[in-house]
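Residues take their numbers from the sequence shown, with the count starting at 1. Remember, it's 1-based here, ligands and their atoms both numbered in the order they're listed. What you are looking at is a predicted structure, and each value in this text was computed from that prediction instead of being measured.
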Amino acid sequence: MALIVQKYGGTSVGSPERIQNVARRILKTQGEGNDVVAIVSAMAGVTNRLIELANEVTGHPNPTEREMDVLLSTGEQTTIALTAMAIHSQGGKAVSLTGAQAGIVTDGAHTRARIANITPKAVHDFLAEGNNVIIAGFQGLGPDGRITTFGRGGSDLSAIAIASAVGADLCQILTDVDGVYTCDPRIVPNARKIDEISYDEMLEMASSGSKVMQSRSVEFAKKFGVVFEVRSSLNQNPGTIVKEETVGMESVVIRGVSVERNQAKVTIEGVPDEPGVASRIFTAIADAGLIIDIIVQNVSKTGKTDISFTLNASDLPKAGEILDPILAEVGAGVLMESRDGIAKLSAVGIGMRSHSGVASKMFEALAAVGVNIQMISTSEIKTAVIIDESSVEKAAQAVHDAFGLGEPA
Ligand code: ADP
Ligand code: ASP
Ligand code: MG
């Protein structure tokens, strides 16, 4: 007998029929002689709707984080009850558990909590009684008893962490695509399903826009060695195995291409080229909790330099408010220019470590379709460019083609 952890995402539980489908799959897995723990997300669209409601009742986009977590956790709580009921109506045994009831304890950081520990005694007890155990994703209890959530896509983290805590034999992330593709199939139609991908590649893809997995869940899986499979909840096709790198994986230069939209770029011109200036600027931004992605500083001419950085477009107004007074202090003639409507395109692959010419091939592909590169950033296994959002689809397709990633026509 195996212990199987399955996670069903929002689209997979998006309607009563889909929940009945999930119930059937869980019962089928149990019927094959397995113990099943299922982690479920809020039904598709519910979390977004709850966020809108919060903004509507407060009249501004900053409801308190404590209450936000109480509110958002109800999305998953609805799904656990409905899934357990659907299993009952199909003649099976199931119990629903909130994150707290499942023994998930977090560090208490509202809306972005980390898992501190899991005591899965209740889970094991209910399994021993022949139940399928249905656990609410995306949530756990802070040390002081407050409800906390794990950030968008956080049910993936619940699934990986529970798989690790209960010592699962198999962890399956069931979603609305057949696995991890060489690019989001909604952007590049001839993208191919990847059979195996290393944690590092999955992490880079997830954190550069491939939101098929939440990046923190992949970090957790890597840290605790949880091998998992991403596959469809709507068919029986084998999915993508995510695991530690193996010999041979490096022979593929680029595993996949990621796209991150809704980015913005800020350029500060005429900044005095002296110690402490960059620190002033970026400390203020960090103190406000804004997350910066790529930073570029130009070579200084006549004691002045330019600094550009990117961030989420939704953070742009706040960045402007923070920087205006600081730039006035930093020096006369400092100009700030900001714009949204940009996107990041990344090519990811551990093969980059041992193959040269990746960047040049990527830039050539972009040039051939007339896409201008505004910024470049590289890491050991990623080459990323900032481009206009309006050209991101043709750019992704061109880079994908250049590395021969697609299904042959
Ligand atoms: P769930 O609700 O099951 O958590 P998500 O919407 O979070 O599902 O993730 C699945 C979606 O991720 C797919 O529908 C797809 O559009 C998108 N996606 C982005 N990049 C990729 C990729 N490289 N491979 C597969 N899907 C991707
Ligand atoms: N319901 C949460 C979200 O929409 C968590 C999840 O689906 O993983 O982000
Ligand atoms: Mg998801």
| query | Take atom NZ in K93; do more than 12 heavy atoms of anything else shown fall under 6.0 Å from it? | reply | yes
Self-check item: Enclosure of R114 CZ (heavy-atom neighbours >12, cutoff 6.0 Å)
Solution: no
for atom 2 (O) of ligand 1, nearest protein heavy atom and its distance come out as G10 N, 3.0 Å
protein heavy-atom neighbour closest to atom 23 (N) of ligand 1 works out as Y181 O, 3.0 Å
protein heavy-atom neighbour closest to atom 4 (O) of ligand 2 works out as R152 NH2, 3.0 Å
If we number the atoms of ligand 1 from 1 as shown, the ones under 4.0 Å from a heavy atom of D176 are 10 (C), 11 (C), 13 (C), 14 (O)
Numbered in order shown, the ligand 1 atoms found under 4.0 Å of a heavy atom of V180 are 24 (N)
For the residue pair Q6 / T29, report whether a side-chain donor-acceptor contact shorter than 3.5 Å exists.
yes
Numbered in order shown, the ligand 1 atoms found under 4.0 Å of a heavy atom of G179 are 24 (N), 25 (C)
Within a reach of under 6.0 Å around CE of M85, are more than 12 heavy atoms found that belong to other residues, nucleotides or ligands?
no
Nearest heavy-atom contact between A94 and N131 is N-OD1, 3.7 Å
min-distance protein heavy atom vs atom 20 (N) of ligand 1 -> D184 CB, 3.5 Å
Short N/O distance, under 3.5 Å, between T182 and ligand 1? no
Quiz item: Between F138 and ligand 2, is there a nitrogen or oxygen pair with a distance under 3.5 Å?
Solution: no
_Just by distance, no angles: are the side chains of D176 and T11 close enough, under 3.5 Å, to form a donor-acceptor pair?_
yes
Under 4.0 Å from one or more heavy atoms of G9, ligand 1 contributes atoms 1 (P), 2 (O), 3 (O), 4 (O)
Quick check: P185 and ligand 1, any N/O pair under 3.5 Å apart? no
Note to self: Just to check, does G10 reach to within less than 4.0 Å of ligand 2 when the distance is taken from its heavy atoms?
What the structure shows: no
Can you find an N or O of S41 that's nearer than 3.5 Å to an N or O of ligand 2? yes
For K211, the atoms of ligand 1 under 4.0 Å from one of its heavy atoms are 7 (O), 9 (O), 19 (C)
Atom 6 (C) of ligand 2: closest protein heavy atom, distance to 0.1 Å, is S155 OG, 3.4 Å
For R186, is at least one N or O under 3.5 Å away from an N or O on ligand 1? yes
Under 4.0 Å between heavy atoms, the region of E76 that gets near ligand 2 turns out to be side chain
Logged contact type for S12 with ligand 1, heavy-atom cut-off 4.0 Å, is neither
Legend entry - Any G256 heavy atom less than 4.0 Å to ligand 1: no
Atom 9 (O) of ligand 1 has as its nearest protein heavy atom V212 CA, 3.6 Å
So do the side chains of K7 and F228 get within less than 4.5 Å of each other, counting heavy atoms only? no
Query raised in the report: Measuring to protein heavy atoms, does anything land under 4.0 Å from atom 14 (O) of ligand 1?
Result: yes
Original post:
More than 12 foreign heavy atoms under 6.0 Å from NZ of K394: is that the case here?
Top reply: yes
For G153, the atoms of ligand 2 under 4.0 Å from one of its heavy atoms are 3 (C), 5 (C), 6 (C), 8 (O), 9 (O)
| Less than 4.5 Å apart, any side-chain heavy atom of H110 and any of M68? | no
Among non-hydrogen protein atoms, atom 8 (O) of ligand 1 lies closest to T175 OG1, 3.1 Å
Rounding to 0.5 Å, atoms NZ (K344) and CD (E389) come to a distance of 13.5 Å
Next on the checklist: Does either side chain, that of T64 or that of E67, offer a donor lying less than 3.5 Å from an acceptor on the other one?
Outcome noted: no
Could you check whether any side-chain N or O of T267 sits under 3.5 Å from a backbone N or O of S308, counting only pairs where one atom can act as donor and the other as acceptor? no
Side chains of N21 and E17 only: does a donor on one sit below 3.5 Å from an acceptor on the other? no
Is it true that atom CD of E245 has more than 12 heavy atoms of other residues, nucleotides or ligands lying nearer than 6.0 Å? yes
K7 N/O under 3.5 Å from ligand 1 N/O
yes
Fill in: Donor + acceptor pair across side chains of T148, D69 (<3.5 Å)
no
Discussion item. I'd like to know whether ligand 2 has G137 as a neighbour, heavy-atom separation below 4.0 Å.
Written reply: no
